[in-house]
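The structure appears below as C-alpha cells.
Every value quoted in this text rests on a predicted model; they were computed, and no experiment measured them. If you read the sequence from its start, that first residue is 1, and numbering goes on from there. Counting convention: from 1, in listed order, for ligands and their atoms alike.
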Amino acid sequence: MCGIVGYMGAKNAKDVVLSGLKRLEYRGYDSAGICVVNDEDVNIYKEKGKIKALESLIGDVEIEGTVGIGHTRWATHGAPTQTNAHPHQSYSGRFTLVHNGIIENYQELKDQYVPKVERLSETDTEIIVHLIDAFSQKGYETEDAFRQVLNLLDGSYAIALIDREDTSKIYAAKNKSPLLAGITENGENMVASDATAMIHVTNEFKELRDLEYVVFDRDTLTIKNYDGEIIDRETYTVDWDISSVETGQYDHFMLKEIDEQPTVMRNIISQYQDEDGQLNIGKELDGLSVPRRVHIVACGTSYHAGLVGKSIIENIARIPTEVHIASEYMYANPIIEDDVLFIFISQSGETADSRGVLNQVKEQGHRTLTITNVQGSTLYREADYKLLTHAGPEIAVASTKAYTAQIAVMALFAIYLEAEQNLENNIDMFHELRTISTAMEQLKDMKDKAKDIVDEYLTGVRSCFFIGRQADYNVVIEGALKLKEISYIQAEGYAGGELKHGTIALIEDGTPVFTVITDPQIAKNTRSNAQEVEARGANTCTIVAKGLDREGDAWVLPDVHPLLTPLVSVIPLQLISYYAALQRGCDVDKPRNLAKSVTVE
Ligand code: M6R
C-alpha cells in the first residue's frame, strides 16, 4: 500500500515526482524517497515521515535531472525508517528501484540467486533490485534482466526501475498492485499508482494489466507481456483537471469532498440520464439478465454503502440481496445459489480483500459487477460489468463523496432492475436525486452547527455512541467509522434496540449518544432508546428528519425520499467527524495507521 511515480521528460523530475507523490500520500505516508538522475549523478533522497519531511531534507538543494522515480511508503516489511524507505539501490549501485507491494518469495530468491549480497534494509524490495543487477552481470541487457526477474517474483508489485548506465529509459511492471501509464505527445511520459499523480502532466492514460511491463523514454512507451511480446493498448482520457486533485480554498480534502457531494449527485444524473430524461445505464450493462439474487461484497465505508444499497434494491427491484464484508466472505465457504449477481463496491477499485472475492467467484462461474470511482482500476477491469460513480478523485483517506455516489448509483441500478422485470415504477429517481442534491447544499452549509455540536458533545470525551434503526442504523455505523478513523475517539454505531442487550452498560454520565431518526414507522422506538440512555446519564444529540423533530433536537434534516435518507443524514455525521478531528489537532486527511487504498489482505 504505497505509491510510486516514474517520470521522464523535459521538466525538472524532482518537482514532477514530488507533486505526484503528494497526491499519492493517501496510499501511505510513513516514509518517502526520490531518485533523480542526470548525466553525471544518481541523486537519492529519502526520509522517514511524510513528503514534507522529504522536502525539508532536500531543502534548497538544486537537483538537476529530467528523469526520476519516487515512492511514498506504508510499511509492510521493515519498520518505517530512513533505511527501509525507497528507492533501493542494487549492490553495484547501477540500478535504483521503487516498489509497491509484497514479494512473498523474497527469501527463497535471495538464497538462490544472491546469497552473498548483504541486505542493507529489512525490506523485501531490496532483493528485486539486487536480482536485476545479478542478471545484468550475467550478461543480460537491462530489459532482459528485468524480464527474467519479473518471471521469478511471487506476490504483488508495481515497480519502477532506473539504470544508471542508460538513463534514457525507465522500466516499470505490475502484478496485483495498481500502476498506470501517462502519455503525452510533448516528449514526456510517466507511470504512477494512479491518475491523480500524473494529472499535472497529462490526462491521457494507458492501462497496465497484471504481468505486463512497460519501457518508456521521452517519446515512446511500449507495453509488453513477460514473454517480451508487444501489447497494443488503447489510450483513454480522464476528464479530471488539476483543481480536482488540489485542496484549492480548503484546508483539507475531506471538507472539499464533503462539499462536492451536491455536484457529484448532479454529475451522476447527467452521466446516467439521456436527453429524453430516461435512465441510460443499459450500455454498461449490456447482456446482463436480471439475477435471482444479489450479493454485495465490499469493505469499510463501501460496505456501509452496500447495506443501504441492499434496502434500495430489495424495495425497488424486489430482488433478495445480501451484503458481505469481503475479508470475511473470502474464507466463509458460502453456499451460493445459481443465478447470483455479485456486486463489488469500491471507491478505489483496488482493495485486495474485494479483489480476492472477485477472483474466487469468477472462478466459480458467477457474474460480477463492479461499482467504482476509478476507471481502469483492477476491480473495474476484472468484473464482467461495471458502473462508474463519477465522484471525481477522492483524496482524503476518510471516504465521504464516494459513499453517497455509490448509493446514488445503486439506486439507479435498482431502477434498471425494476424496469427489466417490468415492475411498476413508483419513484422518479432522477427527480429524487435532484432533491437530494438540493438538500445536500443546505446541509453542507450548516458547518457552524457541526462545530457547535462538536464543542458541546465531543470536547474532551474518549468514547461515544451513534444509534439508529433500519436505514438510520446503516448510517450511524458509517458515522461512527468516520469519527473514529479521523478523530481517534472510540465510537460505536449501534442498532438502537440492541443497546439494552448488553452495551448499555457502557453508558455513563456525559457519554455522548448521537441519535439519527428519519423513519416515521420507528421514530418512537428510537426516541425510547434515546430516553433509555439519557436515563443513565447520556448526553444525547438528535439528528432528525423534518416532521419528526421535537424541541431540543440538534439538527433537522430536509425532507427526501424515505429510501434515500442516508444520502442526507450522513452529511451532519461527516461534518461532525471533520470538526471533531480538527478540534483535536488530528491530521484530518491522513489519519494515523491508515491508507486510502488497502491493497494488502
Ligand atoms: O476503495 P474501497 O472503497 O474499496 O475501500 C474500502 C475501505 O478501505 C474504505 O471504504 C475505508 O473504510 C474508508 N476510507 C473509510 O473512510
Other residues, nucleotides, ligands: >12 heavy atoms within 6.0 Å of Q364 CD: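 Enclosed: over 12 neighbouring heavy atoms sit under 6.0 Å from CD of Q364.
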
Which residue holds the protein heavy atom closest to [atom], what is that atom called, and what is the gap in Å?
{"atom": "atom 5 (O) of ligand 1", "result": "T351 OG1, 3.4 Å"}
{"atom": "atom 8 (O) of ligand 1", "result": "V598 CG2, 3.9 Å"}
{"atom": "atom 14 (N) of ligand 1", "result": "V397 O, 2.7 Å"}
{"atom": "atom 1 (O) of ligand 1", "result": "S348 OG, 2.6 Å"}
{"atom": "atom 7 (C) of ligand 1", "result": "C299 O, 3.6 Å"}
{"atom": "atom 10 (O) of ligand 1", "result": "T301 N, 3.1 Å"}

R584 to Y488 six-membered ring, cation-pi geometry met (6.0 Å, 45°):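 Here R584 fails the 6.0 Å and 45° test against Y488.
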
Audit row: K256, D589, salt bridge (charged side-chain N to carboxylate O under 4.0 Å, His left out) steps and yes/no: CA-CA 11 Å; K256 178 173 182 246; D589 283 340; over 6 Å; no

Backbone or side-chain N or O of Q406 under 3.5 Å from ligand 1 N or O: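 There is no such contact.
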
So, does [X] use its side chain to make a donor-acceptor pair with the main chain of [Y] at under 3.5 Å?
{"X": "E350", "Y": "S377", "value": "no"}
{"X": "T370", "Y": "L379", "value": "yes"}
{"X": "E25", "Y": "T72", "value": "no"}
{"X": "S193", "Y": "I4", "value": "yes"}

Atoms of ligand 1 close to [X] [distance to a heavy atom under 4.0 angstrom, numbered from 1]:
{"X": "A398", "value": "16 (O)"}
{"X": "S346", "value": "1 (O), 2 (P), 3 (O), 4 (O)"}
{"X": "K482", "value": "15 (C), 16 (O)"}

E485 contact mode with ligand 1 (heavy-atom cut-off under 4.0 Å):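 Side chain only.
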
Salt-bridge present (D448, K451; N to O < 4.0 Å):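 Answer for the salt bridge query: yes.
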
Close approach of S354 to ligand 1, heavy atoms, under 4.0 angstrom: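 It does not; every heavy atom stays at 4.0 Å or beyond.
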
